[in-house]
Amino acid sequence: MMINKLNRPFAWAVFLTGAVIVATACSFASPVSAQTTAAQPLSAPANEAEFRKLLHSISPDAAEEKWRRTPWVPSIWTGIRMAQQRQQPLFLWAMNGDPLGCV
Amino acid sequence: MSVFSDQRIIDFITEHFVPVTTDINQSQHRKDFEGDYFRKIAEQGHYAGRTKPTSTRQGLYVATADGHLLASVNSTKADQVLKMMKQAVAKWQQRQALGVADSGKKIPARIQRDKNYSVPFPDGGLILKETCRDLLRPDNPSFKNWRHNFDNVWLTASEVDQFKPVSRDGKGGPGQASRGQKYKIDRAVISRLARFHFVDQVNGEASAWDDSDVKEASLTAEVAEVSAESVKIRLSGRAKCIKPPTGVRNPYSGTKIDKERGVDLLVSGYLAYDRQSDQFTAFDLVAHGQRWGAATYNFRQQDMGPEPIGFAFRLIDKKPENMTQPKFLVWGYFDR
């Protein structure tokens, strides 16, 4: 799409800024294990049951989805309108990357 | 565990506030109503005016609809977040008692969004929810793979059509296929999926693959079952992406990332196609295999691999809370 082409240099600048932010945030994370192993041979799931098991092992479990019980609104403008209507303050979770998408 | 998985936090937010999420990559910069609002409250908050070490305004903010900040913090500790929220409620109640809780300033019924950040969802497209995660390591039983990340995939209508079964002679239209029939999915579809979604984001950020990084991208569909109502389709394929060294240095660690990174993945999936509605009712996809190397900000410098990684995708409804843009949407996501 034309808009994407127009936006690319600008967007990359924003991305790099954001990446620096994430680097700061993640620097407090627990250290990852340092190890190097030989590549394992790839094997596809032999049947649908194996596929389901693999899909399940990657997908979030119930505990990892608990944060979604809060009825997050993915738009500041929509949230402001709701806040005024309900006579409540707005709680804004602002991250490098939308928390409802990829952070 | 995320601070937002703490039941005390969930209950408090739900009772007292309208909870909103936003991407500061966009909201700090966008020139529109939402950007103006965010900058207004952020410049009253915990990182107001800050430029070093970064200009981030990341964090948690409680504010009135007219942009008066009540409290803010940048913390992943539940007790600190609870404390901040209680302070915000106390200030809100004080303002209510004084009759100034909110100015009642009219919020526009429509807004013009900054076009630099607004790419509309494609008509007739689908959304897949992506999860990426390290797979367990058989040679390292103590390895924990709790870290994971999400993204949304936007498929266009024409891409979705690629997956629909057609009759063997090509004249029967969608849903007329017979069991065992195979058909290739256009390379451009699996290549786009690989470029923007088979990216290791488990620990931190990595850029999308360039088109030239995609060394292999193939996907074949096979009709597994056919009934009067539906068709089950099995997918199998492979994607391999390799990016040469970038030479970019991480400004925090000083580490120069000068080794290639890549993924070599098998793609498998099962789709359910409803013949009457001409819609997919299930779109389960997995890409799993090896990743190696490191990007400047994805925190793999001590874990260069090759090690196993998996990407899982599931069809989700087009509800407002599911419409969050794919991470790379404004970086050539739909370009051909």
Side-chain angles (χ1 to χ4, degrees), chain A residues 1 3-5 7-8 10-11 14 18-27 31-37 39-40 42 44-45 48 51 54-55 58-60 66-67 69-74 76-77 79-84 86 88-102, chain B residues 2 4-5 10 13-14 17-25 29 33-34 37 54 56 58-65 70 92 107 111 116 131 133 139 143 149-152 201 204-205 236 252 266 268 270 284 286 289-290 297 299 302-304 306 310 312 321 324 327 330-332 334-335:
Chain A
M1 292 174 70
I3 188 168
N4 288 333
K5 289 182 174 132
N7 290 344
R8 194 174 290 169
F10 171 69
V14 173
V20 169
I21 293 162
V22 160
T24 309
C26 293
S27 64
V32 291
S33 61
Q35 55 182 314
T36 302
T37 56
Q40 302 292 314
L42 294 176
E48 187 170 357
F51 170 81
L54 180 61
L55 180 74
I58 301 167
S59 302
K66 192 178 176 188
W67 64 276
R69 293 183 192 171
T70 298
W72 298 105
V73 176
I76 289 177
W77 172 65
I80 291 171
R81 288 171 62 87
M82 290 169 66
Q84 195 168 63
R86 293 183 192 174
Q88 284 185 319
L90 198 82
F91 180 96
L92 194 56
W93 181 10
M95 293 289 287
N96 181 45
D98 194 307
L100 293 175
C102 184
Chain B
S2 161
F4 294 110
S5 297
I10 294 171
I13 291 176
T14 305
F17 308 127
V18 174
V20 174
T21 64
T22 194
D23 175 359
I24 58 164
N25 283 338
H29 304 283
F33 177 84
E34 294 193 328
Y37 179 86
T54 73
T56 182
Q58 188 166 262
L60 311 172
Y61 300 84
V62 180
T64 63
L70 299 172
W92 172 256
I107 309 299
I111 57 170
N116 281 314
T131 307
R133 185 189 300 269
D139 55 351
F143 177 74
N149 207 340
F150 302 110
D151 200 2
N152 287 342
Q201 312 274 10
E205 281 192 312
S236 58
Y252 293 90
L266 292 176
S268 48
Y270 283 87
D284 297 330
V286 166
Q290 303 289 332
Y297 300 105
F299 293 88
Q302 303 302 315
D303 186 22
M304 300 285 276
E321 61 268 34
T324 302
K327 182 179 185 67
V330 296
W331 290 311
F334 289 125
D335 287 358

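Just so you know, these numbers come straight off a predicted model, no measurement behind them. So you know, we letter chains A, B, ... as the sequences are listed, proteins then strands, and number each from 1.
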Leading residue by heavy atom contact count with chain B [cutoff under 4.5 Å; candidates Ala83(A), Gly79(A), Gly101(A)]: Gly101(A)
Arg86(A) side chain near Val18(B) side chain, heavy-atom distance below 4.5 Å: yes
Ring geometry between Trp72(A) and Phe4(B) (parallel below 30°, tilted from 30 to 60°, perpendicular above 60°): perpendicular
Need one label for [X]: side chain, backbone, both or neither, based on atoms under 4.5 Å from any heavy atom in chain A.
| X | answer |
| --- | --- |
| Ile13(B) | side chain |
| Leu60(B) | both |
| Phe33(B) | side chain |
| Asp284(B) | both |
| Thr22(B) | both |
| Glu34(B) | both |
| Tyr270(B) | both |

Best-contacting candidate, Thr14(B), Asn149(B), Thr64(B), against chain A by heavy atom pairs under 4.5 angstrom: Asn149(B)
Side-chain donor-acceptor pair present, Asn152(B), Thr324(B), cut-off under 3.5 Å: no
Polar side chain donor-acceptor pair, Asn96(A) to Asn25(B), under 3.5 angstrom: yes
Under 3.5 Å: donor-acceptor pair, side chain of Arg133(B), backbone of Ile58(A): yes
For Trp92(B) against Pro89(A), the heavy-atom pair lying closest together: CD2-CG, 3.5 Å
Trace of the side-chain contact (heavy atoms from CB on, under 4.5 Å) decision for Phe91(A) with Val20(B): CA-CA 6 Å; Phe91(A) 180 96; Val20(B) 174; over 6 Å; no
